[in-house]
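Below is one structure, written out as structure tokens; comments come after it.
Each ligand, and each atom within it, is numbered from 1 in the order the structure gives.
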Amino acid sequence: MNIAVLCSGNGSNLQAIIDKTADGYIPAKIAVVVSDNKTAFALKRAEKAGIETLVLNPKDFASREAFDKEIIKDLRKRKIELVVLAGYMRLLSDHFIKEYGNRIMNIHPSLLPSFKGTHGVRDALEYGVKVTGPTVHFVDEKLDHGPIILQKAIDVKDDDTEEGLLERVHKEEHKIYPEAIKLFAEGRLKINGRRVVIK
Ligand code: GRF
């Protein structure tokens, strides 16, 4: 199974997925890493692993849809069956979501539906929750909203800082994202409305 990973930044989740495809835990191939940011460190990780990259500048396109269509053209050529968002900071157009319906995953650093948006860890800490942690979910047309695949709860410590908590959340992300992709690649995820059942 060919997968595409879309990244805008550091790419630590991409690295976890690279490592877990290389050692055979995930029975799939990362056929391409796509980025909207030519300076993303994720691209260096891809190159080091010998994975092809596609870099597009949103400023070169008239609309979100035109940008996404260019990506889709490439993904079709590569026969991509799963699109993995890993720190990809752009909203997908409806066009993209229709094309890859129920075949796009995202990871978010809070227990959804709490603390959607770009600062999931900071917002959870400031709110004072005692438990937080990452969520892997399928992507639908609403932000951080689609059916939940896996979540991992982490205790928040009284003296936690954003950096410390973020580090522990990331550590768990690097376990549950490869696990979710493995389950998908093995055909073990069944979507039933909002519920995802693992077979
Ligand atoms: C992760 O915390 C993920 O939950 C969020 O963006 C961050 C990406 O980190 N969607 P990285 O680029 O994988 O290191």
Side-chain angles (χ1 to χ4, degrees), residues 3-22 25-26 28 30 32-49 51 53-56 58 71 82-92 96-97 100 103-127 129 131-156 160-182 184 196:
I3 66 179
V5 185
L6 276 54
C7 306
S8 303
N10 178 23
S12 68
N13 280 284
L14 168 67
Q15 190 65 55
I17 299 161
I18 290 173
D19 295 345
K20 289 294 172 188
T21 46
Y25 175 77
I26 301 173
I30 306 173
V32 65
V33 168
V34 180
S35 185
D36 61 338
N37 170 15
K38 67 176 189 323
T39 65
F41 188 63
L43 291 168
K44 296 243 173 344
R45 297 181 191 268
E47 280 153 26
K48 192 167 173 218
I51 299 166
T53 59
L54 171 67
V55 185
L56 297 172
I71 296 178
L82 176 68
V83 177
V84 174
L85 308 184
Y88 186 62
M89 300 309 285
R90 278 178 70 78
L91 283 176
L92 299 183
F96 201 131
I97 288 160
Y100 283 95
R103 293 183 297 149
I104 310 171
M105 277 184 195
N106 183 41
I107 190 152
H108 182 77
S110 71
L111 294 173
L112 292 174
S114 292
F115 311 113
K116 296 176 179 175
T118 32
H119 302 293
V121 173
R122 185 191 306 168
D123 293 346
L125 192 60
E126 282 177 1
Y127 195 89
V129 297
V131 175
T132 189
T135 301
V136 181
H137 64 96
F138 284 112
V139 171
D140 66 9
E141 61 291 337
K142 293 191 205 149
L143 179 72
D144 298 332
H145 176 267
I148 291 170
I149 302 165
L150 293 174
Q151 294 185 300
K152 174 74 187 179
I154 296 171
D155 288 335
V156 178
D160 251 333
T161 59
E162 188 182 340
E163 295 67 39
L165 184 56
L166 197 63
E167 198 182 313
R168 299 207 305 292
V169 169
H170 273 150
K171 214 167 150 200
E172 296 305 330
E173 288 187 344
H174 301 158
K175 291 182 200 155
I176 67 169
Y177 217 0
E179 186 182 350
I181 297 165
K182 173 189 173 73
F184 184 94
V196 179

* To do: Quick one: look at H108 and ligand 1, take heavy-atom pairs under 4.0 Å, and tell me if it's side chain, backbone, both or neither.
  => backbone
* Asked: Do you see a donor-acceptor pair shorter than 3.5 Å between the side chains of D36 and S8?
  -> yes
* **Residue-ligand contact H170/ligand 1, heavy atom below 4.0 Å** => yes
* To do: Taking only heavy atoms of E173 into account, list the atoms of ligand 1 that are under 4.0 Å away from them.
  => 1 (C), 2 (O), 3 (C), 4 (O)
* In a check of side chain to side chain contact (heavy atoms under 4.5 Å, CB included) between L54 and each of L6, V33, V32, which one passes? -> V32
* Residue and atom name of the nearest protein heavy atom (relative to atom 14 (O) of ligand 1), distance in Å to one decimal -> S12 OG, 2.5 Å
* Asked: Heavy-atom distance under 4.5 Å between the side chains of F96 and V139, does that happen here?
  -> no
* To do: Would you check whether G11 has a nitrogen or oxygen atom less than 3.5 angstrom from a nitrogen or oxygen atom of ligand 1?
  => yes
* C7 touching ligand 1 at heavy-atom level, < 4.0 angstrom -> no
* To do: Starting from atom 8 (C) of ligand 1, find the nearest protein heavy-atom neighbour and note its residue, name and distance.
  => G87 CA, 3.6 Å
* Asked: Taking side chain as C-beta onward, heavy atoms only, is V196 less than 4.5 Å from F138?
  -> yes
* Asked: At what distance is the nearest protein heavy atom to atom 10 (N) of ligand 1, and which residue and atom is it?
  -> I107 O, 2.8 Å
* Asked: Got a sec, which residues hit side chain to side chain donor-acceptor pair (under 3.5 Å) with E179, two or more places apart in sequence or on another chain?
  -> none
Listing, residues 164-171 side-chain donor-acceptor contacts under 3.5 Å, not counting sequence neighbours, or none:
from	atom 1	to	atom 2	distance (Å)
R168	NH1	D160	OD1	2.9
R168	NH2	D155	O	3.0
R168	NH2	D160	OD2	2.8

